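Notes follow once the structure below has been shown.
One-based numbering along the sequence shown. For ligands, and for the atoms within them, numbers begin at 1 and follow the listed sequence. Bear in mind that the values here come from a model prediction, so they are computed numbers and not experimental data.
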Amino acid sequence: MYSLDDTIAAISTPVGEGGIGIVRLSGPEAHRILQDIFRRGRKRPGTNGLQPYRLAYGHIVDPENNQVLDEVLVAYMPAPWTYTRQDIVEINCHGGIVPLRRVLELCLRRGARLAGPGEFTLRAFLNGRIDLAQAEAVLDIVRAKTAASLRVAVDQLDGRLSQEIHQIRARMVDVLSWLEASVDFAEDEIPPRDIAPDLEETQKSLERLLSTADQGIVYRQGVRTAIVGRPNVGKSSLLNALLRTSRAIVTPIPGTTRDTLEETLNLQGIPLVLVDTAGITAQTKDVVEQLGIERSRAALAQADLALVVVDGSEPLTAADHDIATLLNNKPGLLVINKCDLPVVVDVDKFLPVLPRVYVSALTGEGLDTLESAIVETVFSGQVLASDALLVSNPRHKDALQRALDHLVAARQTQARGLPADFVAIDLTAAANALGEITGETLREDLLETIFSNFCIGK
Ligand SMILES: Nc1nc2c(ncn2[C@@H]2O[C@H](COP(=O)(O)OP(=O)(O)O)[C@@H](O)[C@H]2O)c(=O)[nH]1
Ligand SMILES: [Mg+2]
C-alpha cells in the first residue's frame, strides 16, 4: 500500500448528488492520464496549452470510443507544490454518482490504481510535507463538530503541537548524545554537564501538555451523555429543551419513548451527544418497552456522562433507586425536573450523591445552570484558555504518558547515581515514545491504524 511510484485515483467528494464532484489523481502518471482523456474544446485536443494551477474547461472523453463522459473543469498541479508533493490532477465533474464513477473508471483503465483510505494524506506524510500529528489533524478537521473542535484541529495541522513535541524531543536527544559521549570517551575528553535540570524541565513540559489532554479529547470526540430516569419524569422534554427543538415525542403517557434517540448539541464548544432513552422500570410486560429498556441500560453503559432525571413533584420511587444502582461510578448529575410544580421529592435519599440541578423542562427554568454544571463536570472544574495548545488525540495522550513514565524512570536512575548507559536506556525510550506522535519514530502498524480511519479520496 505504501508504494509511492504508482498513480492513485479516487472520488474525493462525498458520494451522492451535488453541484460538483471531484476525481483526484496523484502520482507520476497523473498528467499523462489527463492527456489521454481530456479534450480542451474541439480545436485543441489533449492538454495542449493547459496552465498549471489554473482551471481549464473541457470534456472527459473515452479515447477508445470517443464517447464524452462529462463536461468538466480540470486542474493540473505539478509537484512539489501540491497536497501530496506529487503531480496532482483534479477533475471537477458534475456531482452525480454515475458521471463520477465513469470518469474514475476511465482513469483506472488508463493506468491509475484506486487509492486506499487516506492514501493522499499518507503520501503527504511519507513525502515529508506534513508529519503524523498533522495528518491526523486533517481527519479531525473533516470531522470537527464545533468551532472549538475545529480550532484545536487547525492548530494541530498548523504544526503547533508538532513544534512543541519536537522541541521537547530535541532536548532529550541532546542530553542523550552527551550521555553516549560520556560512556564512549574519558572524563577529560568531554565537557562536564549537569543533566538534572534538563530532565526536570523536560518532565514539566510533558506534564503540562498531558494536563491539557482531557479537555482536548472532549473537544475532539465530544461527550456521550445519556438522559436516564424512570418513565414520565421528563427526559424527552429535557432533551427537547436543551436542543431548543421538539425532536423527541413527549406525551403524558408513560413509556412513550421506546428507542434511544441521539442528537448533538454544541455546548460552549463541547460537542455533547445527547442520548434520550426509554424510561427504566422493572414492571413492564410490554415486549417493545422491555427492549427499549435494554437499550437504555446499554446507552448508559456506553455514556461518558449521565443526566439522571427525577420528577421533583413526586416522592422517589423504587425505579429511581434501581437507576441509581445502574450508574456504577459514572460521572453524573441529578436533574430534578418539573420544579415549576411544588417540589416534594426527597433527593437526599438518592444515592450515590450527585451534584443536583433543579430545572423545569416545561418553562426552561434552570437550563443555564444545568449547562454550566455539565461543562463543570466534563472539565472537572478547570477550563483552559481558549488559545491554549491542547492535546486532543488519545493516541498522543498515550504516547505522552509513556514518554513521561520513561523520563521519570530516567531521573530516578540518574538520582541513584547509576551509570550513564542506564539513564540513556530510559531516555531513549522516552524520546521514542514522543517521536511516535509526529512520526519521527516510525511504526508501520501505527500508520495502518491511523490511515484506515480515513475515507477514500482524502
Ligand atoms: N409541569 C411540568 N411537566 C413536565 C415537565 N417536563 C415534562 N413534563 C410533562 O411530563 C410528561 C412526560 O414527559 P416526557 O418528556 O415524555 O417524559 P419521559 O417519559 O421521561 O421522556 C409530559 O406530559 C410532559 O409535558 C416540567 O418541567 N414541568
Ligand atoms: Mg421519553
Side-chain angles (χ1 to χ4, degrees), residues 223-265 267 272-303 305-327 330 332-347 349-350 352 354-374:
V223 181
R224 278 191 81 78
T225 306
I227 306 177
V228 294
R230 67 181 164 85
N232 247 23
V233 292
K235 298 178 296 300
S236 299
S237 304
L238 183 66
L239 175 95
N240 290 340
L242 285 169
L243 291 171
R244 286 152 186 94
T245 62
S246 38
R247 177 70 182 82
I249 299 170
V250 171
T251 75
I253 307 158
T256 303
T257 309
R258 301 301 190 85
D259 203 350
T260 52
L261 188 154
E262 252 183 64
E263 279 297 324
T264 304
L265 170 72
L267 185 62
L272 203 69
V273 184
L274 286 172
V275 189
D276 183 23
T277 64
I280 296 174
T281 132
Q283 303 109 338
T284 184
K285 291 203 171 69
D286 183 321
V287 184
V288 180
E289 198 181 355
Q290 196 57 53
L291 284 172
I293 292 171
E294 282 311 309
R295 294 208 172 171
S296 303
R297 289 170 191 263
L300 180 58
Q302 286 161 15
L305 175 73
L307 300 184
V308 184
V309 186
V310 296
D311 185 337
S313 69
E314 292 176 359
L316 288 179
T317 71
D320 291 316
H321 292 296
D322 286 351
I323 290 151
T325 58
L326 292 177
L327 265 178
K330 192 174 291 286
L333 292 170
L334 185 59
V335 182
I336 301 132
N337 189 31
K338 308 197 187 180
C339 69
D340 51 293
L341 303 172
V343 176
V344 304
V345 72
D346 181 8
V347 280
K349 293 217 179 84
F350 190 95
L354 300 175
R356 294 170 200 167
V357 188
Y358 290 83
V359 303
S360 166
L362 195 67
T363 66
E365 199 183 326
L367 287 180
D368 292 351
T369 320
L370 175 59
E371 291 185 350
S372 318
I374 293 172

Inset, instruction - Sort by chain and number the protein N/O/S atoms found under 2.8 Å from the Mg ion (ligand 2). - result: S236 OG, T257 OG1
Legend entry - Test item: L354 and L327 side chains (from C-beta on) under 4.5 Å apart, heavy atoms: yes
Legend entry - Location of contacts on V250 toward ligand 1, heavy atoms closer than 4.0 Å: both
Numbering as shown, the atoms of ligand 1 that approach [X] to under 4.0 Å (heavy-atom distance):
| X | result |
| --- | --- |
| K235 | 15 (O), 17 (O), 18 (P), 19 (O), 20 (O), 21 (O) |
| V233 | 20 (O) |
| D340 | 1 (N), 2 (C), 26 (C), 27 (O), 28 (N) |

Inset, instruction - Going by the side-chain hydrogen bond (donor to acceptor under 3.5 Å, both in side chains) test, name the single residue among T256, T277, T257 that passes it with S236. - result: T257
Legend entry - Backbone or side-chain N or O of G234 under 3.5 Å from ligand 1 N or O: yes
Legend entry - Check: A361 N/O within less than 3.5 Å of ligand 1 N/O: yes
Please list the nearest protein heavy atom to [atom] with its residue and the distance rounded to 0.1 Å.
| atom | result |
| --- | --- |
| atom 13 (O) of ligand 1 | S237 OG, 3.5 Å |
| atom 10 (O) of ligand 1 | K338 NZ, 3.1 Å |
| atom 23 (O) of ligand 1 | P252 CA, 3.4 Å |

Contacts under 3.5 angstrom, residues 338-345 side chains, donor-acceptor by atom type, not counting sequence neighbours:
| residue | atom | partner | partner atom | Å |
| --- | --- | --- | --- | --- |
| K338 | NZ | N232 | O | 2.8 |
| K338 | NZ | D311 | OD2 | 3.3 |
| D340 | OD1 | S360 | OG | 2.8 |

Legend entry - CG on L367 to CZ on R244, rounded to 0.5 Å: 6.5 Å
Inset, instruction - Mind checking the CG-CG spacing from L239 to L307? Nearest 0.5 Å is all I need. - result: 10.0 Å
Inset, instruction - Return the set of residues passing salt bridge (Lys or Arg N to Asp or Glu O under 4.0 Å) with E294 (not counting sequence neighbours), or none when no residue passes. - result: none
Legend entry - Residues forming a salt bridge (Lys or Arg N to Asp or Glu O under 4.0 Å) with D276, sequence neighbours excluded: none
Is the side chain of [X] donor-acceptor paired with the backbone N or O of [Y] at a distance under 3.5 Å, no angle test?
| X | Y | value |
| --- | --- | --- |
| T260 | S296 | no |
| N337 | V233 | yes |
| K330 | Q302 | no |
| N240 | S237 | no |

Inset, instruction - Using heavy-atom distances, let me know which of I336, T251, N337 sits nearest atom 16 (O) of ligand 1. - result: T251
Legend entry - Per atom 12 (C) of ligand 1, closest listed option by heavy atom (L341, N232, T277): N232
